[in-house]
Each structure stands twice: as structure tokens, then as C-alpha cells.
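When reading the values below, keep in mind they use all heavy atoms of this one structure, side chains included, and skip hydrogens, waters and symmetry mates. Whatever order the structure lists them in is the order used to number ligands and atoms, beginning at 1. From a predicted model like this one, the values you see are computed outputs, not experimental measurements.
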Amino acid sequence: MTITETDLGHLRRAVELARLALERGDEPFGSVLVSGAGRELFEDHNHVVERDHTHHPELAIARWAGWHLSPEERAAATVYTSGEHCPMCAAAHGWVGLGRIVYAVSSAQLGEWRTAWGFGPSPVAALSIQQVVPDAVVEGPVAELEAEVKGLHEAFARA
Ligand code: ZN
């Protein structure tokens with residue numbers, strides 16, 4: 001499967017949510033859950049500054065989906081996210097049996113940028129989604145959104 005204009009629209013919403021998080025002083029990550037029929041079901045952004053460092057939007061989506069959707073609905077849904085799932089969120093995605101993931105920038109890209117901006121290593125290994133969930137259907141990175149997402153992270157890093 002490749003990225004469609006519809007995918008790009010949902011992914012742009014995820015990036016808007018990342019920008020909203022940044023405006024609230026939080027790390028710029030945002031995610032959207034879309035049903036198999038194309039309806040937006042749930043969205044969130046990072047609250048790691050506001051709450052604690054496990055408050056990632058992809059984990060919130062997995063928990064919401066586990067409570068509110070049937071296994072079939074979860075499998076048919078797509079998660080759009082501004083940055084690739086971390087291992088914690090990828091595991092949650094796999095445990096609840098959600099479907100396809102489309103991300104704008106990869107964990108590897110983000111890791112390279114953060115190193116260049118002077119950050120030390122992350123406390124959690126930057127595994128790819130497929131290293132955590134081998135059968136996951138994953139699309140990304142999406143070149144059209146790279147510069148915008150990188151700019152959000154750079155603004156957070158330099159704040
Ligand atoms: Zn995460």
C-alpha cells in the first residue's frame with residue numbers, strides 16, 4: 001500500500017496536533033485514529049511535560065481503541081502519527097491488535113536530529129515498529145512532511 005491524498009490529510013492533522021502540543025510547551029508529537037470507513041475516531045498529542053513521560057498519543061490511542069472498538073474494528077483502523085511509535089507505544093498497538101500505521105518521520109530520523117542538537121541518548125532504545133511488532137503494516141517516513149516536523153522538534157529542542 002502507498003500513501004494516498006486521504007492518508008496525507010489525516011497525517012497533516014497529526015502534525016497539527018504535534019504543533020498544538022508544542023504551543024502548550026510539550027513535546028511535538030500528535031496522532032489520529034481513523035476507522036476502516038475513514039472516520040476520525042480519536043486524537044491526542046503528547047502530555048509528557050504536562051503529566052509524565054509515558055503520556056504518548058499512540059499509547060492513548062491503543063488504550064482508547066481497546067476499550068471502545070471490537071477486534072475487527074481495531075484491525076481495520078489506521079493510526080496516523082507525526083513520529084514513529086516508540087517501543088512502548090508499538091507494543092500497546094500490537095497488544096490491542098490495531099491495524100496500519102502511517103508516520104511522518106521515523107525514530108531513526110528523530111534520533112539523528114536530536115543527537116545533532118546536542119541531546120544525549122534516549123533512555124529507551126530506538127527500535128523500529130517492526131522490531132517490536134513484526135507483522136505490523138507500516139508506512140513512512142513521508143518526505144512531504146519531514147521539514148515541517150523537523151522544524152517543530154527543533155523549536156522544542158531550542159526552547
Ligand atoms: Zn510512545
Side-chain angles (χ1 to χ4, degrees), residues 3 7 10-35 40-69 73-75 77-142 145-146 148-157 159:
I3 304 290
D7 287 328
H10 292 305
L11 202 51
R12 286 190 199 287
R13 177 61 189 154
V15 174
E16 272 178 34
L17 290 161
R19 184 177 298 281
L20 181 65
L22 180 69
E23 287 167 358
R24 293 167 54 107
D26 229 312
E27 288 187 3
F29 292 93
S31 312
V32 180
L33 177 66
V34 175
S35 75
E40 191 179 304
L41 299 173
F42 183 86
E43 62 179 29
D44 199 11
H45 60 71
N46 244 38
H47 301 277
V48 302
V49 172
E50 184 187 349
R51 297 180 196 161
D52 72 66
H53 274 81
T54 66
H55 278 270
H56 297 183
E58 303 94 332
L59 181 57
I61 280 177
R63 286 189 162 144
W64 185 92
W67 275 105
H68 293 93
L69 302 180
E73 288 169 328
R74 294 198 292 273
T78 299
V79 177
Y80 296 89
T81 189
S82 65
E84 182 177 3
H85 289 46
C86 75
M88 172 183 74
C89 297
H93 184 100
W95 283 123
V96 300
L98 277 163
R100 181 172 170 247
I101 293 171
V102 183
Y103 65 74
V105 306
S106 70
S107 299
Q109 286 175 303
L110 193 57
E112 281 174 28
W113 299 335
R114 287 174 61 88
T115 300
W117 297 328
F119 285 94
S122 163
V124 175
L127 304 176
S128 71
I129 294 167
Q130 289 100 329
Q131 285 176 288
V132 180
V133 186
D135 292 336
V137 178
V138 181
E139 318 266 3
V142 176
L145 294 171
E146 180 184 325
E148 182 177 356
V149 175
K150 185 178 181 181
L152 295 177
H153 284 282
E154 188 162 19
F156 183 81

Participant: Is the number of heavy atoms from other residues, nucleotides or ligands within 6.0 Å of CH2 (W117) greater than 12?
Facilitator: yes
Participant: Per the side-chain contact (heavy atoms from CB on, under 4.5 Å) rule, which among V79, N46, L33, V32 passes with P57?
Facilitator: N46
Participant: Are the aromatic ring centres of H53 and H55 under 6.0 angstrom apart?
Facilitator: no
Participant: So which heavy atom on H93 is nearest to which on A62, and how close?
Facilitator: N-CB, 4.1 Å
Participant: How long is the gap from CD1 on I129 to SG on C89, to the nearest 0.5 Å?
Facilitator: 9.5 Å
Participant: For the Zn ion (ligand 1), which protein N/O/S atoms fall under 2.8 Å? Skip waters.
Facilitator: H56 ND1, C86 SG, C89 SG
Participant: Where do A18 and S82 come nearest, in terms of heavy atoms and distance?
Facilitator: CB-OG, 3.8 Å
